[in-house]
Protein chains: 4
Amino acid sequence: MKIAILKAANELLEEQGLSGFTIDAVATRSGTARSSIYRWWPNRGALAIAGFLAETAQKIGYPVTASAVADVKSQMMRVAEVYGQKVGRTISALVAQGQSDPEALRALLDGYVLPRREEAKKALLRGIANGELRADVDLDVVIDALYGPIWYRILVPHAPLTSEWAGHLADYVFDGLRPAAADVLSARA
Amino acid sequence: MKIAILKAANELLEEQGLSGFTIDAVATRSGTARSSIYRWWPNRGALAIAGFLAETAQKIGYPVTASAVADVKSQMMRVAEVYGQKVGRTISALVAQGQSDPEALRALLDGYVLPRREEAKKALLRGIANGELRADVDLDVVIDALYGPIWYRILVPHAPLTSEWAGHLADYVFDGLRPAAADVLSARA
Amino acid sequence: MKIAILKAANELLEEQGLSGFTIDAVATRSGTARSSIYRWWPNRGALAIAGFLAETAQKIGYPVTASAVADVKSQMMRVAEVYGQKVGRTISALVAQGQSDPEALRALLDGYVLPRREEAKKALLRGIANGELRADVDLDVVIDALYGPIWYRILVPHAPLTSEWAGHLADYVFDGLRPAAADVLSARA
Amino acid sequence: MKIAILKAANELLEEQGLSGFTIDAVATRSGTARSSIYRWWPNRGALAIAGFLAETAQKIGYPVTASAVADVKSQMMRVAEVYGQKVGRTISALVAQGQSDPEALRALLDGYVLPRREEAKKALLRGIANGELRADVDLDVVIDALYGPIWYRILVPHAPLTSEWAGHLADYVFDGLRPAAADVLSARA
DNA sequence: AAATAAACGAGACGGTACGTCCCGTCTTAAA
DNA sequence: TTTAAGACGGGACGTACCGTCTCGTTTATTT
């Protein structure tokens, strides 16, 4: 039952965004009763993020090759590709919901944003260990610089979100984060 | 009258975000009637962005010094400082509204986002002309890289938005955009 | 509008009693919206008694002949006849509602029961003035004795409510309330 | 188990009337499960009257002295006294329930009202046999006249239900039912 | 100065969705 | 096999806003 509800919730969010995402609509599509939904989730915000986490939030992982920077770049390109489609709609709906529903925002942060940032941090630390990235960098800022623009383009869609764009973005940011030649030498020494 | 309404709209948006932003509340606070609001704006989305553009959207301009890069960085720091406060609340409310109200989104883009990006582009072009920035860079991507994270931190507030943070961000991004030494030399030639 | 609502409320109460008396049903039948009903009445209890008072509560008046006792008796017979039909259904619904809704009960008392008792009291006072009734009688008890059984048969319908029955009832009660022969003589003196 | 449930049902009915009388509340108070209640009673109406009959419906009997009229009067006074308290609350709840639940009404009539009327009839027949009451009287009407007002004051509480009041009521009604002097003489003959 | 147009206030109206409460049915695991 | 536990579909409640609408009342404008 819960699964059918979550599935329906997700589909509605993907297809119609926040405005079509009604408890009644979820109930109808899932073939359940409104009361069954409220039995499990306290309100529409909670249901929305639960649906997202259960169904959509397919974790896009990091490949592991010799180059951590290349790994992150390729993951970002994949993220942009995926978020450029239906998932982006869902995410923007969730963020919108979060603006007037602090609990939903909290749940989105704790359930999705922060864990994903942790993964990113791990990948970047490999880059530092590698010598591909400067060691003195503030990783939180780097993650903001890499992924912030992706969220930005989802939420403020002034232009489409494509993997090419994400590739350029990664290149620009990483270009600034390489160790200075001297550092590389000393690191090698 | 219109001014009082816009002012009230803005204050409510700043103070309470989307949830407190009710046509009724705006009418009450502005001392007007609901019907007067609907005479001038077709719906709450339109009123919200009108209020923002009329009152809050104090354009944060770019200083003009010898270094365009420094100019942009200092503007970004100022933006982060300002958006870290009430204005951020308003902006996030507008973006949220935009997710279920395409016209509001359009108005936000046309009335605020795109013009601001144009200004940024001008400043960056000065940097290219200066030789501070590589000439082959895609400015739209650069603007996304610089400002995207700011919007991201407004909308997905996993950590506070401060001017220090914005400074680091600018540094990291601009570090990757400097011309290669050879280019600089040839440019000078 | 209000009139259409009250009319619909009444019809539903008469036809289906409390169980069919739903705000939704009233809205549908009256061709209005639920919200319009709630604009005017705070809850279903208030609507029920308002409907009754506005539409059904046709005051059954007292004839005025030489004999006040005969007047009351004939009014009671008329009341029994009327209450034995649809109006009785409405009244029983209202009393039932009142058991779990103190405000509705209060409204029923103040809006209907007490005023009707006042009228009865006036008629009975004529009987005392006439010499048809003992002067030392407690009129509240008399009214209870005369009309209580009618309500009882509405609410606890162990047998039908007919005007013949009401006539007998009036006879029995009034038989006990005539002045003693001596009193009549002295009154005449 | 059943006993605990009935007891809890009764207490709730006495304490809170119909509105607090919820299957859930009965289950909680009796320490049983909702399903156990539904095993034994088909719905809340049935449970309510079962609780009443099992626990509260303490039969208030008729004393047997030389005067049947005095016996009935004293029983009425006792009834008024008892019904003026918690039991009255229960009864009004049951009647209310009966208005939208024909089976509950039927059960109340068959299980309580009609049997009590039979008892009353027996007492009154003694009065006729005694010569205290006219022989040609319709006992059903008399019973309505005597007890109807008590129910009326329970259900339409325009004034408190006291034993003094019931005493007056009995006096007034019985005053009209005494045999005419001639009849008494002829009866004696 | 009178006529006329506009903007205004007040607020009713039909509607949609919310979240709550309770109903009566049902399945399941433990005692 | 009776019980406790509790999920399920369903229906009504009362609330909060939405956007539309009518209707008199100012307030200005224009003749």
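Only this structure's heavy atoms are used, side chains among them; waters, hydrogens and symmetry mates stay out. Residue numbers begin at 1 in each chain, while the letters A, B, ... track the order of the sequences.
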Sorted by position of nearest nucleotide on DNA chain E, 5' first, the leading residue of M1(B) and S36(C) is M1(B)
Closest to the 5' end of DNA chain E, once W40(C) and S19(A) are matched to their nearest nucleotides, is W40(C)
Rounded to the nearest 0.5 Å, the CG atom of L94(C) sits from the CG atom of L105(C) at a distance of 10.5 Å
Interatomic distance, CD1@I91(C) vs CG@L13(C), rounded to 0.5 Å, equals 10.5 Å
Nt span of DNA chain F in reach of chain D heavy atoms at under 4.0 Å, 5' end first, is dT3(F) to dA7(F)
Here the distance between atom C1' of dA7(E) and atom CD1 of I5(B), to the nearest Å, is 11 Å
Separation of dA6(E) atom C1' from K2(B) atom NZ, nearest Å, is 12 Å
Residue pairs passing the side chain to side chain donor-acceptor pair (under 3.5 Å) test with at least one member in residues 39-51 of chain A, sequence neighbours excluded, are S36(A)-R39(A), R44(A)-Q97(A)
Comparing A33(A) with A33(D), nearest DNA chain F nucleotide closer to 5' gives the residue A33(D)
Has the side chain of E103(B) got a donor or acceptor atom that lies under 3.5 Å from a matching backbone atom of G45(B)? no
Quiz item: For the side chain of R89(D) and the backbone of Q16(D), is there at least one donor-acceptor N/O pair under 3.5 Å apart?
Solution: yes
Side chain to side chain contact (heavy atoms under 4.5 Å, CB included) filter on E14(C), not counting sequence neighbours, yields N10(C), T56(C), K86(C), T90(C)
R106(C) meets the salt bridge (Lys or Arg N to Asp or Glu O under 4.0 Å) criterion, sequence neighbours left out, with D110(C)
With sugar-phosphate taken as primed atoms, P, OP1 and OP2 and all else as base, the protein-contact string of nucleotides 23-31 of chain E at under 4.0 Å (heavy atoms; B, S, -) is SBBB-----
Review point. G31(B) near the nucleic acid: base, sugar-phosphate alone, or nothing, with a heavy-atom cut-off under 4.0 Å?
Key: sugar-phosphate
Throw together a table of side-chain donor-acceptor distances under 3.5 angstrom for residues 17-27 of chain C, partners on residues two or more places apart or in other chains.
none

